[in-house]
Structure formats: structure tokens, C-alpha cells
Amino acid sequence: MAENNLSFAAQVSEWVQAEKEREAAVLRTAAQMVANNVRTSVAEGGRIPVDTGNLKNSLMASTSTMPRVDEGERQYPDQSGEIELIISNLDIGETLYLGFQAAYGPRMNYGFVGQDSLGRVYNQQGFGFVDAEAQSWPQTVKEAEAKVRGRFEAGPSPRT
């Protein structure tokens, strides 16, 4: 049997560490896919209606609590960078909360029939953009695993 420079414990440790890295990479990739997909407009093949982009921009990520729906009207800047940062630091076992803050977000997702607080009457069907992403989570994880597997099996990228 050929000798190896690393002890058995060190070899096992490297393998376990690689598995943990892969698991975290799949989680982060899948979470980012959800954040991207839930904000993909109807015009781009997604489910979220986009007029001004304000609803799409109101998506917020947190690892501590579900983002609250704001009262009243408000303009939201694009928070993509903040969402990516939170997801990139997500650890196995942590919960990621993604939520739209725009007051009209629930109505756009679930629909609304009746009179709102301002006296406007609606008979609006929901777009189901949040529900669709939640339902497709198992497929998203499989896609993320395939992407991550491809990156790990390709090996380290050459440095230029």
C-alpha cells in the first residue's frame, strides 16, 4: 500500500470539509435562484408583474426575521446587492427569509376582491409569484445541485 503524506484523520477531515462546502454552495445557489426567479417579470417569463419595478425592488432578505410589509406607499431602491450578500453568508441550518415590503405585494401575489382602505374597488386575480417559487423549491435544489456539481467536478479554475 502506497504511503500517503496525510494522516487518515486529515484525509477524512478534508473530505468532510469538502462535503460541507458543497452543501453550503447548493444552499446558497438555490436561495439565490429563488431570489432571482421570484423577481423575474411576466415579460421575461416569470410571474411578477412589473410596471415601475417598485414591487420587484421591495424584496428584502434576512436571516433573523421575515421582512414586514410596509404600510402606505413608498419607493424602494434595487436591493439585489444586499440580498446577494446575505445569501453569500448563509450557513447550513440558518433560515433565510425573503419577503416583499411593498404594501400592495400580498394583493399582487394572492389577488384581491373588494374595496381597499382608500375606497378603490378591485377584482384582481393574483399572480402567485411567491407561491410558485415555494412550490418549485425541490426542483430548484436539484438545479442548484447540478450547477454546483459541475463547478466542483470541473476543479479549480486556472489563475490568470
Side-chain angles (χ1 to χ4, degrees), residues 16-154 157:
V16 169
Q17 187 61 38
E19 292 301 311
K20 288 179 182 176
E21 289 173 15
R22 291 175 184 143
E23 185 179 12
V26 170
L27 172 65
R28 293 174 186 143
T29 300
Q32 188 62 58
M33 290 170 66
V34 168
N36 293 342
N37 292 345
V38 78
R39 293 179 293 170
T40 301
S41 71
V42 172
E44 297 171 323
R47 296 183 67 118
I48 192 169
V50 175
D51 182 20
T52 65
N54 197 50
L55 174 59
K56 181 171 93 165
N57 289 345
S58 78
L59 184 69
M60 182 180 168
S62 172
T63 55
S64 60
T65 185
M66 184 60 147
R68 290 182 166 214
V69 175
D70 289 334
E71 296 291 324
E73 293 188 27
R74 177 177 163 207
Q75 293 299 312
Y76 298 92
D78 183 358
Q79 299 179 76
S80 296
E82 293 165 33
I83 293 168
E84 289 176 18
L85 181 63
I86 289 168
I87 290 172
S88 72
N89 289 305
L90 188 63
D91 288 324
I92 298 298
E94 275 188 300
T95 299
L96 176 67
Y97 300 94
L98 292 171
F100 289 93
Q101 296 177 285
Y104 56 94
R107 183 182 70 205
M108 298 305 285
N109 184 64
Y110 301 112
F112 181 76
V113 176
Q115 188 173 12
D116 70 6
S117 62
L118 299 176
R120 299 173 292 194
V121 177
Y122 290 93
N123 186 6
Q124 179 177 354
Q125 185 174 1
F127 288 85
F129 46 93
V130 172
D131 304 72
E133 281 309 307
Q135 290 173 356
S136 66
W137 176 248
Q139 293 86 0
T140 301
V141 172
K142 285 180 184 177
E143 285 181 48
E145 182 179 353
K147 286 181 180 186
V148 169
R149 185 182 302 270
R151 288 194 309 248
F152 273 85
E153 288 177 356
S157 59

Exercise: do S136 and Q139 side chains pair donor with acceptor under 3.5 Å: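 Note: S136 and Q139 side chains miss the donor-acceptor criterion.
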Flag side-chain contact, heavy atom, 4.5 Å: [X] against [Y]:
X	Y	value
D131	N109	yes
L55	S58	yes
E133	M33	no
V42	F129	no
L59	I83	yes
F127	I48	no
S41	K56	no

Residues, nucleotides or ligands: over 12 heavy atoms within 6.0 Å of [X] [atom1]:
X	atom1	result
R120	CZ	yes
R74	CZ	yes
Q124	CD	yes
Q115	CD	yes

How long is the gap from [atom1] on [X] to [atom2] on [Y], to the nearest 0.5 Å?
X	Y	atom1	atom2	answer
T95	L90	OG1	CG	8.5 Å
S62	E94	OG	CD	9.5 Å
R39	L98	CZ	CG	8.5 Å
Y97	R68	OH	CZ	13.0 Å
N54	E73	CG	CD	9.0 Å

- Message: Exactly one of I87, L96, N89 should register a side chain to side chain contact (heavy atoms under 4.5 Å, CB included) with R28. Which one does?
- Response: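 Between R28 and the candidates, side chain to side chain contact (heavy atoms under 4.5 Å, CB included) is satisfied uniquely by I87.
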Which atom pair, heavy atoms only, marks the closest approach of [X] to [Y]?
X	Y	answer
I86	A61	CD1-O, 3.1 Å
M108	P49	CE-CG, 3.3 Å
P67	Q101	CB-CG, 4.4 Å
A144	V26	CB-O, 3.7 Å

task = Using atom types as modelled and distance alone, determine if a side-chain donor or acceptor of Q79 lies under 3.5 Å from a backbone N or O of N57.
result =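 Yes.
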Answer yes when R22 and E19 have at least one side-chain N-carboxylate O distance shorter than 4.0 Å, and no when they do not.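 Judged by the 4.0 Å cut-off on N to carboxylate O distance, R22 and E19 do form a salt bridge.
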